[in-house]
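Everything numeric here is computed off the predicted structure, so don't read it as measured data.
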Amino acid sequence: MNGEKWFVTCGDIADFLLVQADAGPERAATLFFVDKQAPGVEMTRVPRFMHSAVNGHPEFTFTDVFVPDEDVLGGVGNGYELTKEWFTDERLMIAARTVGAAERALELARDWAVERRQFGSPIADFQLIQGMLADCAVDIAVNRAYTHQVAWEADRPETDRKTLHAKASTAKLSASEAAGRVIDRCVQIFGGRGYDRTYPVERMYRELRVDRIWEGTSEIQRLIIANELIKRGTRALTLPVA
């Protein structure tokens, strides 16, 4: 195995790596189980990111790394099918986490708006503040409901897995984008204090940005959703399992 991989989540603390690479003359996408201590595996850099996750996302290079046949997962050419299952779960978890983070941000902004006074009144009395609070509540409520729906469908064996994959992309796209809008409004409600690192909304602003990038960018989610619509029509993707 030869190549490099950037941003390997938890690669700094892991003992083994799951590596997807092109295999054989047909360059078939295949998943490999690789010992991090194997000759030729090198962790070259641990970047510092905007968010503050406990574990790192280092870069690796692979130089003539030997992988025995028993460490080829699912057989040659089945890499995409295996990772699709994992992506479905991971994207649903991102949807759930971003909805929860957005709700926490709104709680903080709502309490601040009620307590903070300007011109003799709580800023919660100002209609532009009320509009931002209302828009946040709508973003959270709608995305929580859809995430619950898709998670429920994921537990049902009769659910078509390819459609479920696209629905998980829908949940991830919608919830992560909505959480970005929510935290942006909440920082605005806090005003200058929202930009102050002693206030939680400032950190949340940094932490939530990555959710529109990792486990498939928002742009990739849109391609997955569009492909499912084109192949199967609107009802398969927009209606819940009966």
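With sequence neighbours left out, Asp69 forms a side chain to side chain donor-acceptor pair (under 3.5 Å) with no residue at all. In terms of the side chain to side chain donor-acceptor pair (under 3.5 Å) criterion, residue partners of Arg45 (sequence neighbours excluded) are, by chain and number, Glu59. Applying the ring-ring contact (aromatic ring centres under 6.0 Å, His included) criterion to His57, with sequence neighbours excluded, gives Phe49, His51, Trp214. In this structure, the side chain to side chain donor-acceptor pair (under 3.5 Å) partners of Ser174, at least two apart in sequence or on a different chain, are Asn143.
In this structure the side chain of Leu133 reaches within 4.5 angstrom of the side chain of Leu106, judged on heavy atoms. Gln20 places none of its side-chain heavy atoms less than 4.5 Å from the side chain of Phe32. For the pair Met1 and Val19, the minimum side-chain heavy-atom distance is below 4.5 Å. Contact of the Met132 side chain with the Gln130 side chain is not registered, since no non-hydrogen atoms from C-beta on lie closer than 4.5 Å. Put simply, the side chain of Tyr146 reaches to within 4.5 Å of the side chain of Val150, judged on heavy atoms. With a 4.5 Å cut-off on side-chain heavy atoms, Val34 and Val41 count as touching. Contact check for Lys167 versus Leu237: side-chain heavy atoms found under the 4.5 Å cut-off. For the pair Arg91/Ile224, a side-chain contact is recorded, criterion being any heavy-atom separation below 4.5 Å from C-beta on.
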Go through it in stages, so that I can follow the logic: the residues are Ser218 and Glu177, the test is side chain to side chain donor-acceptor pair (under 3.5 Å), and I'd like the CA-CA distance, side-chain angles, deciding distance and then a yes or no.
CA-CA 8 Å; Ser218 290; Glu177 295 274 343; 2.6 Å; yes
Show, in sequence, the C-alpha distance, side-chain angles and deciding distance for Asp15 and Asp35, and conclude whether the side chain to side chain contact (heavy atoms under 4.5 Å, CB included) test is met.
CA-CA 7 Å; Asp15 293 322; Asp35 189 333; 5.9 Å; no
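Applying the salt bridge (charged side-chain N to carboxylate O under 4.0 Å, His left out) rule to pairs touching residues 131-148 yields Glu103-Arg144, Asp139-Arg181, Asp139-Arg185, sequence neighbours excluded.
Side-chain atoms of Asn78 come within 3.5 Å of backbone atoms of Gly74 as a donor-acceptor pair (strictly under, hydrogens ignored). Judged by distance alone, the side chain of Thr159 and the main-chain N or O of Glu153 form a donor-acceptor pair under 3.5 Å. Without hydrogens or angle criteria, Gln221 side chain to Gly216 main chain gives a donor-acceptor distance under 3.5 Å. At distances below 3.5 Å, not a single donor-acceptor pair connects side-chain atoms of Lys5 with backbone N or O atoms of Pro58.
Checking Asn55 against Asp12 by side-chain atom types alone, no donor-acceptor pair falls below 3.5 Å. For the residue pair Glu42/Thr63, the side-chain donor-acceptor check at 3.5 Å is not satisfied.
Between Ala113 and Ile129, the closest heavy-atom pair is CB-CG2, 4.0 Å.
In summary, Arg104 and Glu107 engage in a salt bridge, as defined by a charged side-chain N under 4.0 Å from a carboxylate O.
For Tyr80, the OH atom is loosely surrounded, since the number of other residues' heavy atoms within 6.0 Å does not exceed 12.
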Distance-only donor-acceptor hits, side chain of residues 186-207, under 3.5 Å, sequence neighbours excluded:
| unit_1 | atom_1 | unit_2 | atom_2 | d |
| --- | --- | --- | --- | --- |
| Arg193 | NE | Tyr199 | OH | 3.4 |
| Asp196 | OD1 | Thr198 | N | 2.9 |
| Asp196 | OD1 | Thr198 | OG1 | 2.9 |
| Asp196 | OD2 | Thr198 | OG1 | 3.2 |
| Glu202 | OE1 | Arg206 | NH2 | 3.1 |
| Glu202 | OE2 | Arg206 | NE | 2.7 |
| Arg203 | NE | Ser52 | OG | 3.4 |
| Arg203 | NE | Glu207 | OE2 | 3.0 |
| Arg203 | NH2 | Ser52 | OG | 3.1 |
| Arg206 | NH1 | Met50 | O | 3.4 |
| Glu207 | OE1 | Ser52 | N | 3.3 |
| Glu207 | OE2 | Ser52 | N | 3.2 |
| Glu207 | OE2 | Ser52 | OG | 2.2 |

